[in-house]
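To keep things clear, I will list the structure first and then write my remarks on it.
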Number of protein chains: 2
Amino acid sequence: MNPHTIKVACSNCNLRELCMPLGLSAAELDKIDDVVASRRKVKRGATLFRNGEKFTSLFAIRTGFFKTCVASEDGRDQVTGFQMAGEIVGLDGIVNDHHTCDAVALEDAEVCVMPFDRIEELSREVNSLQRHVHKIMSREIVRENGVMLLLGSMRAEERLAAFLLNLVQRLHARGFSQSELVLRMTREEIGSYLGLKLETVSRTFSKFVEDGIVEVKQRHVRILNTEALKDIVNPKVCN
Amino acid sequence: MNPHTIKVACSNCNLRELCMPLGLSAAELDKIDDVVASRRKVKRGATLFRNGEKFTSLFAIRTGFFKTCVASEDGRDQVTGFQMAGEIVGLDGIVNDHHTCDAVALEDAEVCVMPFDRIEELSREVNSLQRHVHKIMSREIVRENGVMLLLGSMRAEERLAAFLLNLVQRLHARGFSQSELVLRMTREEIGSYLGLKLETVSRTFSKFVEDGIVEVKQRHVRILNTEALKDIVNPKVCN
DNA sequence: CGGTGTGTTGACTACTCTCAACATATGTGG
DNA sequence: CCACATATGTTGAGAGTAGTCAACACACCG
């Protein structure tokens, strides 16, 4: 709501390789800097956008952690994803000019505001940006396909194992540990994402601890046996 | 595999309003005709593309009915969608230049082949095409959000009711009946899509029949009480 | 006219949910 | 800074939904 009016630039942002195309010429980089109109801070618990709100911009997460969730008419809601630095949110709003989900900050966050008409304009001029936008949307489609596979065919342990592996993998790509992570979401939010009740998430964590696969201390998780997690997700077929 | 080489044109296709943007000028329409390189027939049971294949084109379905499905490493697979005339498949391939799912024809079908580099080229020139491509991808993201809600939070009856309502709604938009439909997929494929076993799908159909909500004769389904289906999907909260 | 694929139904199992109690954090106001 | 209120997390017992396994019925196809 209170965009900083200082000039921001992708060209010297250390997250550029995550949210922007690679291999740009200097001239193209100059143009790309205009994609970001401003930055916006979002306090923990606050929404970046809400279902029903007018869509104007995509948001690149600079710092912080978000969840997106959709709601059915009768009030059930479903976490559709967790997003971290370098990831883009808001793609749901393009089709109807209105957002169809909520994006909520799970910790204090800052995002780059990228007005979508400016993105469209620039991507007509900079081919690699056009391609990049297409890839980002396609990636989201493929990610959701994976979640559908998880929700449609996996059991609780498999879901949680897949979830943990996915999280550490993304964190590791951002320079964090491969084996330690701090969950920014509650058991209930994990459960919603995985199609499980919070008690089932808690029990499954406990089972992993019993089996010596992870250590859990509230939201601090240390993975002791990555292979075991992988085996749970993709059970070896016995001959 | 055997594309017809006859000139095809979107400009006089009666499905245009489903797969192409509205309100094009004559000049733009001319250009748009070049998006479709050829047509391709796909026999029932054959694949339009497969996981791992190189991505080159999007496909607009002219006639017929498809399913898309992803597979996990250990062989489980999950139907991620059913597509009918006027809908676009292949978006999953953009991000990595390779498809990540299979598209299988559930009845003899014909598709328009739209090379993606041509789409990108043209959408730099025709703004409404650019916007249209973005909307199609965003629509797919929103659709998948809905499926995640279904898979993550609904019970078997709710899932099947939502599935039937979605199908008739889309068929009705194509001029078919609001109350009668022929399923082009097996109980197992419905089950895979809905995260249920085929026996559960069958039992749930039987329950709907008992309750007088639908008539089912193999794959022929007649909806007797649409309101009841809607109530199942969105249970009324009692005060 | 069999053979195969698909669909239905029954009996039993098992996984996850529900409800509940309790434990442990987190945060706020006195 | 502590006390209390609230939010979050854990665990247990029992219930219920969907899964598994199996038998059978029906349709479609060569």
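Letters A, B, ... are given to chains in the order of the sequence lines, protein chains preceding strands, and every chain is numbered from 1.
Using a cutoff of 4.0 Å between basic side-chain nitrogens and carboxylate oxygens, B:R40 and B:E110 are not scored as salt-bridged. Salt-bridge formation is detected for the pair B:E107/B:R184: a Lys NZ or Arg NE/NH1/NH2 atom is positioned less than 4.0 Å from an Asp or Glu carboxylate oxygen.
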Encode nucleotides 15-29 of chain C as B, S and - characters from 5' to 3', where the letter depends on protein heavy atoms closer than 4.0 Å: B to the base, S only to sugar-phosphate, - to neither. SSSBB----------

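Taking the centre of each ring, A:H98 and A:F55 stay at or above the 6.0 Å mark.
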Check the pair A:N51 / A:D102 against side chain to side chain donor-acceptor pair (under 3.5 Å), numbers first and verdict last. CA-CA 5 Å; A:N51 178 13; A:D102 300 345; 5.4 Å; no

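Of the residues in residues 204-212 of chain B, not one places a heavy atom less than 4.0 Å from an atom of DNA chain D.
Under the salt bridge (Lys or Arg N to Asp or Glu O under 4.0 Å) test applied with A:K67, the options A:E87, A:E189, A:E188 reduce to a single match, A:E189.
A donor-acceptor contact shorter than 3.5 Å links the side chain of B:S206 to the backbone of B:S202.
Residue contacts for B:T186: at a heavy-atom cut-off of 4.0 Å it reaches the sugar-phosphate backbone alone, with no base atom in range.
The separation between A:H220 atom NE2 and D:dT10 atom P is 13 Å, rounded to whole Å. The separation between B:E188 atom CD and D:dT20 atom P is 12 Å, rounded to whole Å. Protein atom CD of B:E215 is 18 Å distant from nucleotide atom C1' of C:dG7, rounded to whole Å.
At a cut-off of 3.5 Å, with distance as the only test, no side-chain donor of A:Q178 or A:T226 sits close to an acceptor on the other residue.
The side-chain heavy atoms of A:D108 and A:V42, taken from C-beta on, include no pair separated by under 4.5 Å. B:F65 has its side chain within reach of B:M185: a pair of non-hydrogen atoms, C-beta onward, lies under 4.5 Å apart.
Taken from CG in B:L151 to CD in B:Q78, the straight-line distance is 6.0 Å, to the nearest 0.5 Å.
Both key distances under 3.5 Å define a Watson-Crick or G-U pair, and stretches of 3 or more such consecutive pairs in DNA chain D run C:1-30 with D:1-30.
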